[in-house]
Amino acid sequence: MMVNESTADRVIRFILALVLFYFAFQSASPWNWILGIVGVVLLFTAVTGFCALYKVLGISTKK
């Protein structure tokens, strides 16, 4: 896996993941599970710097 995200992209994903985790733990709705899963994916991509969707689409924000 090659890094294809810029630092700004990674920071935005990390902050968005934290916000989604906050809302995911507010109640026990099925939507909250979805928010939690999306949060985990965003957190993973922020930490690793690799986005599979970017790879498929041929996008790279890394300079």
Side-chain angles (χ1 to χ4, degrees):
M1 290 190 303
M2 208 165 117
V3 174
N4 61 359
E5 295 177 358
S6 67
T7 304
D9 194 2
R10 293 171 79 174
V11 169
I12 291 169
R13 287 171 185 258
F14 184 79
I15 292 170
L16 189 55
L18 293 179
V19 170
L20 289 178
F21 284 143
Y22 173 77
F23 287 115
F25 290 109
Q26 292 301 312
S27 67
S29 160
W31 288 105
N32 292 17
W33 279 97
I34 294 170
L35 291 177
I37 292 169
V38 172
V40 166
V41 170
L42 287 175
L43 185 62
F44 176 77
T45 60
V47 170
T48 62
F50 176 77
C51 177
L53 186 59
Y54 279 8
K55 178 78 171 174
V56 170
L57 297 175
I59 300 171
S60 177
T61 57
K62 178 98 174 142
K63 292 185 180 182

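Every value quoted in this text rests on a predicted model; they were computed, and no experiment measured them. If you read the sequence from its start, that first residue is 1, and numbering goes on from there.
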Salt bridge (Lys or Arg N to Asp or Glu O under 4.0 Å) contacts touching residues 24-41 (sequence neighbours left out): none
Do [X] and [Y] touch side chain to side chain, with heavy atoms closer than 4.5 Å?
X	Y	answer
Asn4	Lys62	no
Phe14	Leu42	no
Asn32	Phe23	no

For Met2, the rest of its hydrophobic cluster, which grows through side-chain links under 4.5 angstrom: none
Spatial distance of atom CG (Leu20) from atom CZ (Phe25) [nearest 0.5 Å]: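 Going from CG on Leu20 over to CZ on Phe25, the span is 11.0 Å.
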Distance, nearest 0.5 Å, that separates CD1 of Ile15 from CG of Leu43: 12.5 Å
Which donor-acceptor pairs under 3.5 Å do side chains of residues 33-41 form with protein atoms, sequence neighbours excluded?
none

Contact list for residues 35-57, test side chain to side chain donor-acceptor pair (under 3.5 Å), sequence neighbours left out: Asp9-Tyr54, Arg13-Thr45, Arg13-Tyr54
Taking every non-hydrogen atom, the tightest pair across Cys51 and Glu5: CB-OE2, 3.2 Å
